[in-house]
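Quick one: the structure is below, and I'll ask about it shortly.
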Amino acid sequence: MMLNRIGRRCFCSGSFYPSLPPQPWLFVGLGNPGDKYKGTRHNVGFELIDAFAKSQGIPMDTVHCKAIFGKGFLGDVPVFLAKPQTYMNLSGESAGPLAAYYKLPLNRVVVFHDDMDLPCGVLRFHPKGGHGRHNGLKSVIYHFRGNREFPRLRIGIGRPPGQMDPKAFLLQKFNATALERIDAAVREGIDVLEQLTYKGLTESARCFNREQKYKHIRVQTMPV
């Protein structure tokens, strides 16, 4: 049992009493299931979950609460990873029950999602916020009973060119230049998630967003 494993890791040296076990994190990447959507702009949340799982050696090999699911440790801190299989617009049907199942406060649930308001490859890490017209986030907030007090890692995908339909843009695969930026962004996303365990949410977000602000300035006028 994972809870027993947590308990065994949490004895303080020199004390007769166990310390409180570290509170788990739940990381939820938003996207659409199936090969048809793999590599599309709307699925960067899935891409980050997969890359993070690989970097930590966490197998994504079970189904739980309508999500492809994995669990492991980040240092000594338990982490749960989820890719809802409900399709984007119903993501909350998975995220809500997962948070409830593990009895997690929402400040321990981080949602990864694509964001057209950021240049391609630029990220932002926020401790709370609205949905920004993102249907996946709308669903998550609804199934969190309207509570918006959960962290989110926004992954910039840029805006559609010219008069292109935003829906078509979201479901389009990245070109080579954009993919290079997204790959770099995913690596940066993994780094900030690793920092959560020793810096905490507030400090991790502050340092990360400062770095990403300078990146935003560099890339916003560069073609994709």
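Positions are given from 1 along the sequence.
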Check: Which pair of non-hydrogen atoms, one from L74 and one from L193, has the smallest distance, and what is that distance?
Finding: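 Residues L74 and L193, closest heavy atoms: CD2-O, 3.4 Å.
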Check: Would you say H126 and R124 make side-chain contact, with heavy atoms under 4.5 Å?
Finding: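 Side-chain contact under 4.5 Å: yes.
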Notebook entry, point to check: Do I49 and Y87 share a hydrophobic cluster, counting only Ile, Leu, Val, Met, Phe, Trp and Tyr and linking them when any side-chain heavy atoms are less than 4.5 Å apart?
Noted result: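 No, I49 does not connect to Y87 through the hydrophobic network.
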Notebook entry, point to check: Which atom names give the shortest non-hydrogen contact between V186 and A51, and what distance separates them?
Noted result: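 So the two residues come closest at CG1-CB, 3.4 Å.
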Notebook entry, point to check: Is any side-chain heavy atom of P78 less than 4.5 Å from a side-chain heavy atom of Q23?
Noted result: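 P78 does not reach Q23 side chain to side chain.
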Notebook entry, point to check: Between CG of L123 and CD of E211, what distance do you get to the nearest 0.5 Å?
Noted result: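 L123 atom CG to E211 atom CD measures 11.0 Å (nearest 0.5 Å).
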Notebook entry, point to check: Does the cation-pi check pass for R210 over F208, that is, NZ or CZ under 6.0 Å from the six-membered ring centre and within 45° of its axis?
Noted result: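 Ring-cation test returns no.
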Check: Does L30 share a hydrophobic cluster with L90, counting links as ILVMFWY side-chain heavy atoms below 4.5 Å and allowing steps through other members?
Finding: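 L30 and L90: separate clusters.
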Next item on the list: Indicate whether the side chain of E194 and that of Q56 have a donor and an acceptor atom separated by less than 3.5 Å.
Entry: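 Judged by distance alone, the side chains do pair up.
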Notebook entry, point to check: Checking side chain to side chain contact (heavy atoms under 4.5 Å, CB included) against Q85, which of P33, S91, S94 comes through?
Noted result: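 The side chain to side chain contact (heavy atoms under 4.5 Å, CB included) with Q85 is passed solely by P33 among P33, S91, S94.
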Checklist line | Separation of I141 CD1 from N147 CG (nearest 0.5 Å) | finding: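 Answer for the CG-CD1 pair, N147 versus I141, is 9.0 Å.
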Notebook entry, point to check: What is the minimum heavy-atom distance between C120 and F174, and which atoms define it?
Noted result: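 Nearest heavy atoms, C120 then F174: SG-CE2, 4.4 Å.
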Margin query: Taking CD in E203 as the centre, count heavy atoms belonging to other residues, nucleotides or ligands within less than 6.0 Å. Is the count above 12?
Written below: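 For E203, atom CD is crowded (more than 12 foreign heavy atoms under 6.0 Å).
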Note to self: With a 6.0 Å cut-off (strictly less than), is the heavy-atom count around OH of Y142, excluding the residue itself, greater than 12?
What the structure shows: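 No, OH of Y142 has 12 or fewer neighbouring heavy atoms, counting only those of other groups under 6.0 Å.
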Next item on the list: Over all heavy atoms of both residues, which pair between L26 and A82 is shortest? Give the atoms and the distance, please.
Entry: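 Heavy atoms of L26 and A82 come nearest at CD1-CB, 4.4 Å.
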Check: When rounded to the nearest 0.5 angstrom, what is the spacing between CZ in F27 and CH2 in W25?
Finding: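 Answer rounded to 0.5 Å: 6.5 Å.
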Check: Should F169 and P161 count as side-chain neighbours, where that means a heavy-atom distance under 4.5 Å?
Finding: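 They are in contact (side-chain heavy atoms under 4.5 Å apart), so the answer is yes.
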Check: How far apart are the C-alpha atoms of K215 and E188, what are their side-chain angles, what is the distance that settles it, and do they pass the salt bridge (Lys or Arg N to Asp or Glu O under 4.0 Å) test?
Finding: CA-CA 11 Å; K215 182 179 180 181; E188 293 165 355; 2.8 Å; yes
Item checked: Spacing of H143 atom NE2 and T86 atom OG1 [to the nearest 0.5 Å] ->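 H143 NE2 to T86 OG1: 8.5 Å, rounded to 0.5 Å.
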Item checked: Short side-chain donor-acceptor distance under 3.5 Å, Q172 and R41 ->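 The answer is yes; a qualifying pair exists.
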Next item on the list: Check whether any side-chain heavy atom of N107 sits under 4.5 Å from a side-chain heavy atom of P127, and report yes or no.
Entry: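 Not touching, per the 4.5 Å side-chain cut-off.
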Next item on the list: Please report the C-alpha distance between L153 and L48 in whole Å, then the side-chain angles of each, then the deciding distance to 0.1 Å, and finally whether the side-chain contact (heavy atoms from CB on, under 4.5 Å) criterion is met.
Entry: CA-CA 10 Å; L153 185 54; L48 182 50; 3.5 Å; yes
Margin query: Taking G130's backbone N and O only, do any of them form a donor-acceptor pair with R152's side chain (distance below 3.5 Å, no angle check)?
Written below: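 Looks like yes, one N/O pair under 3.5 Å.
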Check: Which heavy atom of A185 sits nearest a heavy atom of G121, and at what distance?
Finding: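 Heavy atoms of A185 and G121 come nearest at CB-O, 3.4 Å.
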Check: Do the rings of Y101 and H64 sit parallel, tilted or perpendicular, given the 30° and 60° boundaries?
Finding: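 Perpendicular, since the angle between the ring planes exceeds 60°.
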Next item on the list: Find the distance between CZ (F52) and CD (E47) and round it off to the nearest 0.5 Å.
Entry: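 It comes to 16.0 Å.
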Check: Is the shortest heavy-atom distance from the side chain of D61 to the side chain of F69 under 4.5 Å?
Finding: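 Heavy-atom side-chain distance check fails, nothing below 4.5 Å.
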Check: Taking atom types as modelled, is there a side-chain donor on H131 or R148 under 3.5 Å from an acceptor on the other?
Finding: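 No pair is found: no donor N or O on one side chain lies under 3.5 Å from an acceptor on the other.
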Check: In terms of hydrophobic clustering (I, L, V, M, F, W, Y; side-chain heavy atoms under 4.5 Å; direct or indirect links), are L179 and M116 co-clustered?
Finding: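 As far as the 4.5 Å side-chain criterion goes, M116 and L179 are connected within one cluster.
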Margin query: Within the 3.5 Å criterion, strictly below it, is a donor on H113 or R154 matched to an acceptor on the partner's side chain?
Written below: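 R154 and H113 do not have a side-chain donor-acceptor pair below 3.5 Å.
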Check: Between the side chain of N43 and the main-chain N/O of G39, is any donor-acceptor distance below 3.5 Å?
Finding: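 No, the answer is negative, given that no donor and acceptor are paired below the 3.5 Å cut-off.
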Check: Tell me, do D183 and R187 make a side-chain contact under 4.5 Å, heavy atoms counted?
Finding: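 Yes - at least one pair of side-chain heavy atoms lies under 4.5 Å apart.
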Next item on the list: Test the K83-F46 pair against the cation-pi criterion, namely NZ or CZ under 6.0 angstrom from the six-membered ring centroid and within 45° of the ring axis.
Entry: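 Yes, K83 and F46 form such a contact.
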Note to self: With a 4.5 Å cut-off on side-chain heavy-atom distances among I, L, V, M, F, W and Y, is there a chain of contacts connecting V63 to V79?
What the structure shows: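 Both belong to a single hydrophobic cluster.
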Notebook entry, point to check: Does the side chain of D165 come within less than 4.5 Å of P160's, by heavy atoms?
Noted result: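 Contact flag for P160/D165 side chains = no.
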Checklist line | Other residues, nucleotides, ligands: >12 heavy atoms within 6.0 Å of K173 NZ | finding: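 Atom NZ in K173 is crowded, with more than 12 foreign heavy atoms closer than 6.0 Å.
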Item checked: same_hphob_cluster(V111, Y37) at 4.5 Å side-chain heavy-atom cutoff ->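 No.
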Check: Between atom CG of D114 and atom CD1 of I182, what is the distance when rounded to the nearest 0.5 Å?
Finding: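 Going from CG on D114 over to CD1 on I182, the span is 9.5 Å.
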Next item on the list: Might you point out which heavy atoms bring F125 and P151 nearest each other, and give the distance in Å?
Entry: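 Heavy atoms of F125 and P151 come nearest at CE1-CB, 4.2 Å.
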Margin query: For a 4.5 angstrom cut-off between non-hydrogen side-chain atoms, does N89 reach S139?
Written below: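 No, every pair of side-chain atoms sits at 4.5 Å or beyond.
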